[in-house]
Amino acid sequence: MFGIPGKQAVTITDKAAAQIAKLMAKDGHQGLRIGVKKGGCAGMEYTMDYVTEVDPLDEVVEQDGARVMIAPMAQMFLFGTEIDYEVSLLEAGFKFRNPNVVDACGCGELIKFDENLSTS
């Protein structure tokens, strides 16, 4: 929907692709749908949900057995984002490196976008 021909909407690191593929295989999911919603201290937050059926309006990115769907309302906010999976001594989880974010809280999950991007 908001893509550039020949360029994927988001990129997925090898670690993230392996984790997503593992999650897909676990319960037969079709992939993970990522999005954004209003909330949190910075104004917006990322969402991730298992998908059992691909919505025809989703932007679909596939890599190494992993499938990520981007919800239609989130596509303009997530374009250019790199999805990674990091493991540390205290936590493990997906990390979003999003060039559209202008501010974020300390945890990095609650974000604020440029006011020129609209959520309506």
- prompt: Taking it one step at a time, do Arg97 and Asp84 satisfy side chain to side chain contact (heavy atoms under 4.5 Å, CB included)?
  reply: CA-CA 8 Å; Arg97 292 182 188 91; Asp84 195 10; 3.1 Å; yes
- prompt: About how many Å separate CG of Asp55 and CD1 of Ile70, when rounded to the nearest 0.5 Å?
  reply: 12.5 Å
- prompt: Within a strict 4.5 Å, meaning less than it, do heavy atoms of the Asp14 and Asp64 side chains meet?
  reply: yes
- prompt: How far apart are the closest heavy atoms of Ala74 and Val36, and which atoms are they?
  reply: CB-N, 3.7 Å
field: Any side-chain heavy-atom pair of Lys37 and Glu45 under 4.5 Å
entry: yes
query: Are Met48 and Val10 linked, directly or through other ILVMFWY residues, by side chains that come within less than 4.5 angstrom of each other?
result: yes
task: Check whether Leu32 and Val51 end up in the same hydrophobic cluster, where Ile, Leu, Val, Met, Phe, Trp and Tyr are linked by side-chain heavy atoms less than 4.5 Å apart.
output: no
field: side chain to side chain contact (heavy atoms under 4.5 Å, CB included) evaluation trace for Thr13 with Ile83
entry: CA-CA 6 Å; Thr13 66; Ile83 302 170; over 6 Å; no
- line: Heavy-atom closest pair (Pro99 atom, Gly80 atom, distance to 0.1 Å) is CD-O, 3.4 Å
query: With the threshold set at 4.0 Å, does a side-chain nitrogen-carboxylate oxygen contact exist between Glu82 and Lys15?
result: no
- request: For residues Arg67 and Val61, determine if any side-chain heavy atom of one lies less than 4.5 Å from a side-chain heavy atom of the other.
  value: no
- request: Could you grab the distance from atom CE of Met69 to atom CD of Glu53, nearest 0.5 Å is fine?
  value: 10.5 Å
message: Looking at Ile12, is its backbone amide N or carbonyl O close enough to the side chain of Gln63 to form a donor-acceptor pair, meaning the two atoms are under 3.5 Å apart?
response: yes
query: Which atom names give the shortest non-hydrogen contact between Asp58 and Gln75, and what distance separates them?
result: C-NE2, 3.9 Å
Shortest non-hydrogen separation from Glu59 to Ala9 and the atoms involved: CG-CB, 3.8 Å
query: Any link between Val60 and Val68 through a network of hydrophobic side chains (Ile, Leu, Val, Met, Phe, Trp, Tyr) touching at under 4.5 Å?
result: no
message: Please find the pair of heavy atoms, one from Gln30 and one from Met24, that lie closest to each other, and give the distance.
response: O-CE, 3.5 Å
Stepwise side chain to side chain contact (heavy atoms under 4.5 Å, CB included) test for Leu23 and Tyr50: CA-CA 9 Å; Leu23 292 170; Tyr50 290 113; 3.6 Å; yes
- request: Compare every heavy atom of Ala21 with every heavy atom of Ala66, then report the nearest pair and how far apart it is.
  value: CB-N, 4.1 Å
field: Flag, side chain of Asn98 to backbone of Phe77, donor-acceptor distance under 3.5 Å
entry: yes
message: Once you measure the plane-to-plane angle for Tyr85 and Phe94, does it fall in the parallel (<30°), tilted (30-60°) or perpendicular (>60°) bin?
response: perpendicular
